[in-house]
Amino acid sequence: MRVWLVAIAAIVVGIVAWEAVVPPGTRKEAWDLPIYWQAAYPVMVAGSLLFGWFAPERPWRWGLLICMGQGVWVLVTTALRSGVPNLLPLGLVMFAILSLPCMIAAYTGAALSRRSGRR
């Protein structure tokens, strides 16, 4: 049960981080805005660390879920507005690259959890 809750929380963190930085009515992508890199992305990395702490089994999935959850969210919301974006494959590659630091943070959280004797 805990794994499902952490998975849902990871997806929600990714979506909220994406949506929180885009002003209403703007057609820009979140990662086009400096606030994404200054605030949202660090929150995603910190969230991955915490999720790795709370659920240290296979921690790579928390960083992947945060970023790929964003990718699916962007695909769905963009497709509803204007169809499937032309740069979709490149965007998915970018989300995969962005997931790497998040996965490292999740592994760090898992290692800290194990070291503390929590698991």
Side-chain angles (χ1 to χ4, degrees):
M1 183 66 166
R2 178 192 300 189
V3 171
W4 281 103
L5 292 175
V6 174
I8 292 167
I11 293 168
V12 168
V13 165
I15 292 170
V16 168
W18 184 268
E19 288 296 322
V21 299
V22 179
T26 305
R27 295 191 60 94
K28 286 188 173 188
E29 301 289 340
W31 55 31
D32 293 336
L33 303 168
I35 191 75
Y36 179 80
W37 302 104
Q38 296 165 352
Y41 193 64
V43 165
M44 293 163 48
V45 173
S48 297
L49 183 107
L50 288 174
F51 296 142
W53 171 271
F54 286 114
E57 308 83 25
R58 296 186 308 243
W60 57 268
R61 58 187 161 178
W62 311 134
L64 189 65
L65 278 173
I66 286 176
C67 293
M68 289 303 167
Q70 280 186 348
V72 170
W73 179 257
V74 170
L75 174 61
V76 168
T77 57
T78 304
L80 290 175
R81 279 194 319 253
S82 58
V84 176
N86 293 335
L87 296 176
L88 174 64
L90 183 60
L92 292 177
V93 168
M94 183 65 175
F95 282 117
I97 291 169
L98 289 176
S99 71
L100 295 175
C102 292
M103 285 191 247
I104 292 168
Y107 271 102
T108 303
L112 292 172
S113 176
R114 289 185 189 103
R115 180 173 284 164
S116 73
R118 193 168 177 280
R119 286 221 169 205

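Note that the numbering runs from 1 along the sequence shown for the chain.
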Taking every non-hydrogen atom, the tightest pair across [X] and [Y]:
X: G69; Y: I15; result: O-CG1, 4.1 Å
X: W53; Y: S116; result: CH2-OG, 3.2 Å
X: A110; Y: P59; result: CB-CG, 3.8 Å
X: A17; Y: Q70; result: CB-NE2, 4.0 Å
X: I66; Y: S48; result: CD1-OG, 3.3 Å
X: V45; Y: A105; result: O-CB, 3.5 Å

Whether [X] side chain and [Y] backbone form a donor-acceptor pair below 3.5 Å:
X: T78; Y: L75; value: no
X: R61; Y: A7; value: no
X: W73; Y: W18; value: no
X: S113; Y: G109; value: no

Between S99 and W60, is the side-chain contact (heavy atoms from CB on, under 4.5 Å) condition met? List the steps. CA-CA 9 Å; S99 71; W60 57 268; over 6 Å; no

Does L98 belong to the same Ile/Leu/Val/Met/Phe/Trp/Tyr cluster as L65, with side-chain heavy atoms less than 4.5 Å apart forming each link? yes

Stepwise ring-ring contact (aromatic ring centres under 6.0 Å, His included) check, F95 with W31: CA-CA 10 Å; F95 282 117; W31 55 31; 4.6 Å; yes

